[in-house]
2 protein chains.
Amino acid sequence: MHVMRGIESTHDGFVASSRKRFVKKDPSHKNLDVLQQEIENGSRLYLARGITLLESTKPSDKKVGQEVLTNLLPKTGNCIRIGITGVPGAGKSTFIEAFGLMLAEMGHKVAVLAIDPSSTLTGGSILGDKTRMEELARHKNAFIRPSPSAGTLGGVHKKSRETMLLCEAAGYDVILIETVGVGQGETIVRGMVDYFLLLVLTGAGDELQGMKKGIMELTDGVVVHKNDGANKPLVKKTVREYTRIMHMLQPASPEWTSRVQPVSSIEKTGLEAVWETVLEFEKEMKEKNHWDTRRQHQTRDWFHSMIRDHLIDSFFSESGRKTQVKALEEELLDGHLTVTGAIDRLFSS
Amino acid sequence: MHVMRGIESTHDGFVASSRKRFVKKDPSHKNLDVLQQEIENGSRLYLARGITLLESTKPSDKKVGQEVLTNLLPKTGNCIRIGITGVPGAGKSTFIEAFGLMLAEMGHKVAVLAIDPSSTLTGGSILGDKTRMEELARHKNAFIRPSPSAGTLGGVHKKSRETMLLCEAAGYDVILIETVGVGQGETIVRGMVDYFLLLVLTGAGDELQGMKKGIMELTDGVVVHKNDGANKPLVKKTVREYTRIMHMLQPASPEWTSRVQPVSSIEKTGLEAVWETVLEFEKEMKEKNHWDTRRQHQTRDWFHSMIRDHLIDSFFSESGRKTQVKALEEELLDGHLTVTGAIDRLFSS
């Protein structure tokens with residue numbers, strides 16, 4: 001009966017039949033409808049299982065994950081998606097723990113998709129779970145999912161967007177996505193979230209040197225972190241400096257000028273002000289119809305970037321392609337060949 | 001005999017045979033070796049013809065253009081490539097005329113690849129030739145080639161890189177490439193040049209609002225333009241403001257902090273200082289081995305972006321693809337389909 005319902009709600013016969021195979025072969029997840037129901041009911045255990053299926057490289061697992069997510073799509077979107085970036089050392093995890101705890105205490109359900117740098121070494125993300133954001137991880141309203149950063153573009157797991165959607169279906173209404181703070185990750189996360197927050201420390205000039213180019217023009221808000229103890233006067237100065245810079249740059253969201261706000265995650269100050277700014281941003285964007293428009297653009301862009309990735313990956317996975325391209329590159333650099341000539345050779349064969 | 005030499009230096013039999021067809025069909029360019037020789041000798045007329053062949057959509061013309069360029073590749077590269085950008089109204093054409101004239105008078109051979117906004121309307125670029133940069137256009141050491149901006153990515157003609165190389169083969173040692181100042185053109189031009197110059201006006205904040213995001217982090221130098229008459233005190237202030245901003249941002253070229261310099265193209269002041277900075281930049285980059293490294297990266301990136309463009313263009317030119325993608329986009333936005341599901345549907349059929 002459960003199986004029947006699953007098939008009825010399926011848009012693709014192939015998925016359904018693959019689901020059947022899965023049901024037979026993998027008794028641990030045999031009841032797909034239970035999985036779906038438990039995710040809807042807010043079970044963190046089943047949510048984690050669902051994400052594992054989405055992230056799986058095993059085709060049968062992936063298909064079940066996709067089926068569950070497709071069925072749950074109508075439950076997604078009722079949330080605020082916040083991206084958080086900053087150079088290593090800016091205290092992103094500490095901020096997310098303090099900010100997330102405050103929101104969880106307010107009654108929000110907070111999902112944290114954290115990029116765990118340690119997972120490259122351990123091959124998993126268990127370590128991250130245990131050593132970071134301990135207090136938040138124990139809170140009943142929080143769900144933390146570090147993604148392995150190994151082998152993924154800019155450290156952002158390719159499936160992070162779908163992980164995010166599954167969390168939303170599970171009732172999480174605040175999604176916090178932490179980036180590693182270097183490379184291409186920021187642009188990808190900016191393309192997933194409603195609000196993008198940049199964490200900086202005092203000493204604006206030096207700080208910025210370590211950041212990705214154009215990062216400030218991706219941000220909707222800046223937090224000057226570690227506004228505690230003797231650091232306070234310097235933070236005040238840094239807030240002024242960043243405010244001046246942000247006023248000169250093009251805004252990341254239409255008609256919105258980024259606020260620069262001081263925060264101490266240790267002394268728990270400034271966190272509420274940040275949240276109030278996020279809410280004000282949401283209100284303004286919704287009033288001006290920018291909120292849904294941006295999300296629609298994001299989905300379309302995501303689709304098109306997946307098309308591109310697929311085309312490029314397929315091309316380079318063809319037998320001998322990499323060697324051929326490498327050989328042409330050498331001819332190009334030797335100055336014996338024009339780029340147009342190289343393209344002709346590549347695609348006329 | 002000329003034909004024999006042509007065939008010997010050809011890496012591709014197909015090109016050679018196509019060249020033969022061309023020789024028969026198009027008597028106006030029948031002597032390819034003359035074309036090549038005249039370009040090497042610095043004939044502006046033949047250079048213009050060569051560029052027209054490179055830009056042509058007619059396969060036989062394109063192939064002759066490619067053959068000439070391939071033969072001339074060893075003559076390219078002995079030059080400084082400068083990209084020039086700025087919002088409309090910053091006075092790019094006026095600056096290029098004054099700057100180019102100064103260089104031409106010094107004995108440099110100056111090629112200007114200008115993007116002519118009027119060509120979208122006229123369908124050609126004759127107007128641009130006649131109405132802009134009149135004095136420079138008449139100088140014996142200058143060559144101006146406006147490219148049609150219609151239908152090209154960000155207004156930069158797809159063949160601009162090869163046009164640039166042909167100019168270099170013709171002995172032009174300073175290449176100035178003007179961008180339209182909006183959209184994606186800047187990133188493309190940044191990927192073609194050694195030095196990237198941003199023209200701004202007084203009133204830094206308002207000015208920047210109209211510019212592409214992250215533009216300041218692409219630039220190696222800033223010119224505060226229109227430093228004339230009553231405008232001078234304001235220019236001085238703007239120079240200070242931009243200097244402060246540039247110090248805070250990540251440099252476009254390794255270990256190089258952008259200079260901000262005041263220029264009046266009418267009063268002819270500041271132009272020499274800009275050129276001296278460019279030369280200092282060249283010296284420093286060459287000493288640190290960044291000069292050739294960047295050019296090699298640029299060639300490689302150009303090749304890879306052409307591969308991507310080709311794959312994507314081929315895919316979307318397949319019968320029914322656009323309709324199919326559009327239909328999937330609608331399902332995505334309706335929330336009935338995941339992106340992974342859409343990709344599966346697109347590539348499993």
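For clarity, every value in this text was computed on a predicted model and none was experimentally measured. In the text below, chain A, chain B and the rest are named by the order of the sequence lines, each starting its count at 1.
- A salt bridge is absent between B/K75 and B/E168; no separation between the charged side-chain nitrogens and carboxylate oxygens falls under 4.0 Å.
- The pair A/E186-A/R190 does not count as a salt bridge, with every side-chain nitrogen at least 4.0 angstrom from each carboxylate oxygen.
- Neither the backbone nor the side chain of A/R295 comes within less than 4.5 Å of any heavy atom in chain B.
- Heavy atoms closer than 4.5 Å to chain B are found in both the backbone and the side chain of A/I312.
- Salt bridge status for B/E330 with B/K326: absent, with no side-chain N to carboxylate O gap under 4.0 Å.
- Taking 4.0 Å as the cut-off between side-chain N and carboxylate O, A/E55 and A/K62 do not count as a salt-bridged pair.
- Between chain A and the options B/L332, B/T340, B/L333, heavy-atom pairs under 4.5 Å are most frequent for B/T340.
- For chain A, the nearby part of B/F315 is the side chain; its heavy atoms alone come within less than 4.5 Å.
- For the ring-ring contact (aromatic ring centres under 6.0 Å, His included) test, no residue two or more places apart in sequence or in another chain qualifies with A/H297.
- For a residue to count as touching a neighbouring chain, one of its non-hydrogen atoms must lie under 4.5 Å from one of that chain's; by this rule B/L311 touches chain A with backbone and side chain alike.
- Heavy-atom pairs under 4.5 Å with chain B peak, among A/H304, A/R300, A/Q296, A/H310, at A/H310.
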